[in-house]
Each structure stands twice: as structure tokens, then as C-alpha cells.
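Only one structure is covered here, and it is reproduced in the block below.
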Amino acid sequence: MKLLINETFNIQDIMECGQAFRYVKLDQANYEIIAFGKRLRVSQDGNEVAFTCTEVAFENLWEAYFDLKVDYQKLQKDLVAMEPRLEKYIDKKPGIRILKQEPFEMMITFILSQNKSMPQIMKLVNRVAENYGTKLEDQWGTYHVFPRPEQLSLVSEEAFRALKVGFRAPYLVDAISKVMDGRVDLEQIEVLPTDEARTMLLQVKGIGRKVADCILLFAYHRMDVFPLDVWMKRAITSLYFAGDKVSDQVMLKKAEETFGQLSGIAQQYIFYGTVEGME
DNA sequence: ATCCAGGTCTGTT
DNA sequence: AACAGACATGGA
């Protein structure tokens, strides 16, 4: 199906701004995405975006996945009012949207992300999916969906190490076990206040504040979180503390004061506009 | 070869 | 509460 949309949708920027890991770039305006057990192709020609799915599937799934109910023009305007210096980042990449991705996949993905570069994260995530995810077939051939918790619960720490996840192997095992027995309830997190949801995620060995906030932002669409990675630390200290070193707590407080309920998307505009090699 | 990567854990001060 | 190393692996 096709859709007409404004400049707040750019498929290249949406996919490549650092939130998605299971996609294939076919060309600059044509992406293949695996999510929610399906494979979708999206091609964009200016304001016209074509999705290889039915209207029903679009309304049931992809509309929410691409966050199309949210008015990003208003959101951008509100952000600039909060912090005028954000305008240059927004103008650079106005087509970013925060995807609503699967919680379990985001949890595993961001555990794997620590101390890895973007291309390496993608390799690890795809390796996990190709080894343990259900194999399906569609018009373009076979593909692997991201494995469910039950599927990964059968994987040993040694088997994860064989996939070259390194020291993250025991972290994965701990996370999967806690999801399986409900100590981390991914459905309940959906309805918990952000701080309680974060506390639940932090029970997992290998999930710290930054990874927890990435899960909350990219799976649960919690716009009030601000994943504080090395890039954000540089940006915040530069913008607000004249480059001086301050504690994480102080940086997070400043981000919260400045961006409030729009912290998550603010973070993403800054991230994509700041990270080297992400043009 | 050495350093670093969308961090976190485990000690020490 | 703040700081240092360790941690696996691969790419520059």
C-alpha cells in the first residue's frame, strides 16, 4: 500500500539513526525490514512511501511500528521552544521517527550493544536470529525472524560464546532466564511507570542504566528517557557545562530539566546529528 | 601492534 | 559517591 506523508518521514534516516538493527539497505530510498515476525519492504519517493503490505496489516502493525499517529512537526516545534540549539540537529534530519520495536528483541539487542560499534551490533543480532529464530519464506526467499524467549532459553552460555558474543554471553543467559520465569515481565513493563519499569530491567546482569533506557525508548516508546551514552555525554557537557566533567546524575538531571517528556526524541536527533560516520 | 567500540560489573579509595 | 580495570571480539 502507499501513503502520502510530509518531511517528518524519511525511511533512510529512520532506519539508520541507530535504533534499528535488522534491516537491509537495498538503496538509498528502499529498505527491507524484519520485525514482528514479518518482512517488509519500504520504498520512498519524496512524499510518497510504499509499503509491501496490505492496508489491514498496515493499520494493525506498521502504523504503530513507524509511530505514524504522532505529529512530529508539533513535537519538533515544541523541542525547539525548549532548546533553540536543537534546531540545527532537527533541520539536518527532520525525518527521524522513534520506532516501536519488540521488547524482547530490544532487550537482547542492547545487551549485545555494549562496547560494540553499530555494524558489529548488527552482525551479532543477525547471527542470533539466523541461528535460533524461526525460518520463514516469502516472495523474496527465506529469512529468520528474531527468536522468542522460549527459543533462546534453550541456548547455553557456551553456545552463545560460539556466536562470538564474548563476555555478554552470561548476560544474555541471565536476561532470558528472568524473562522466562517472569522476574522481568516484559508485558507488565508496558503499563508500569518509567522508573518502576527501569528498576525491573536493571535486575538483569548486563543491563545498566543506558541499556535499560534504550529498551524503554525503542520498545516501549518512553519519550521521557534519555539514554546517556558516550555521545550524549559529550553533547551534554559541551552544551551545558562548557565541556567540564560532571557526573552522569548531573547530566541526566539537566537533560530531564531541558527536554522533559520529549527527552527520548531529543536524544535521537542529537545522536544522529553527532555520531561520526552516520551521515 | 595498539586502541577503541550506543557499557557494565567488580573491586578500591 | 567517584574512579580504575577487566571483559571478548573485530575493525581501523
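FYI, side chains are in, hydrogens and waters are out, and symmetry mates aren't considered; it's all heavy atoms of this structure. This structure is a prediction, so every number in the text was calculated from the model and none was measured. Chain A is the first sequence line, chain B the second, and so forth, proteins listed ahead of strands; every chain is numbered from 1.
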Say we look at B:dG11 and C:dA8: how far apart would their P atoms be, to the nearest angstrom?
15 Å
Could you state the OH-P distance from A:Y171 to B:dG6, rounded to the nearest angstrom?
17 Å
A:Q120 side-chain proximity, nearest of B:dT8, C:dA2, C:dG11:
C:dG11
Side chain to side chain donor-acceptor pair (under 3.5 Å) filter on A:E7, not counting sequence neighbours, yields A:Q73
May I have the distance from A:F110 (atom CZ) to B:dA5 (atom P), rounded to whole angstrom?
17 Å
A:K233 has an atom NZ; how far is it from atom P of C:dC3, in whole Å?
11 Å
Look at the side chain of A:Q268 against the base of B:dG6 and say whether a donor-acceptor pair falls under 3.5 Å; ignore hydrogens and angles.
yes
Got A:I108 and A:V125 here, is their nearest side-chain heavy-atom distance under 4.5 Å?
no
Hey, does the side-chain of A:K116 have a donor or acceptor N/O within less than 3.5 Å of a partner on the base of C:dT9?
yes
When A:K123 and A:Q114 are each assigned the nearest nucleotide of DNA chain C, the 5'-most assignment goes to A:Q114
Do the side chains of A:K38 and A:D138 get close enough for a salt bridge, i.e. N-O under 4.0 angstrom?
no
Which pairs with one or both residues in residues 56-66 of chain A pass side chain to side chain donor-acceptor pair (under 3.5 Å), sequence neighbours excluded?
none
Just compare B:dG6, C:dC7, B:dT10 and give me whichever is closest to any side-chain atom of A:K205.
B:dT10
Residues pairing under side chain to side chain donor-acceptor pair (under 3.5 Å) where one sits in residues 195-206 of chain A, two or more places apart or in two chains, turn out to be A:R198-A:D213
Heavy atoms only, 4.0 Å cut-off, all strands: where does A:V204 land among base, sugar-phosphate and nothing?
sugar-phosphate
Going by the rule side chain to side chain donor-acceptor pair (under 3.5 Å), which residues pair with A:S177 if we only count those two or more places apart in sequence or in a different chain?
A:R183
Could you tell me how far apart A:Q203 (CD) and B:dC9 (P) are, to the nearest whole angstrom?
12 Å
Could you state the atom-to-atom distance from CZ of A:R127 to P of C:dA8 in whole Å?
16 Å
Just how far, in rounded Å, is C1' of C:dG10 from CD1 of A:I121?
13 Å
Can you list, in residue-number order, the parts of residues 153-169 of chain A that come under 4.0 Å of DNA chain C, counting heavy atoms only?
A:R161, A:K164, A:G166, A:F167, A:R168
What's the CE-P distance between A:M251 and C:dA1, to the nearest Å?
16 Å
With sequence neighbours excluded, give me every ring-ring contact (aromatic ring centres under 6.0 Å, His included) pair touching residues 129-148 of chain A.
none
Determine the interatomic distance between P on C:dA6 and the same-named atom on B:dC3; round to the nearest Å.
13 Å
Round to the nearest Å and state the distance from A:D229 atom CG to B:dC4 atom P.
17 Å
Any side-chain to backbone donor/acceptor pair from A:Q101 onto A:Q19? Under 3.5 Å, distance only.
yes
If we take the P atom in both B:dC4 and C:dG5, what is their distance in whole Å?
14 Å
Hey, which of these two, A:G206 or A:M232, hits DNA chain B nearer its 5' end, going by closest nucleotide?
A:M232
Counting any heavy atom closer than 4.0 Å, what does A:F218 reach on the DNA or RNA strands: base, sugar-phosphate only, or nothing?
base
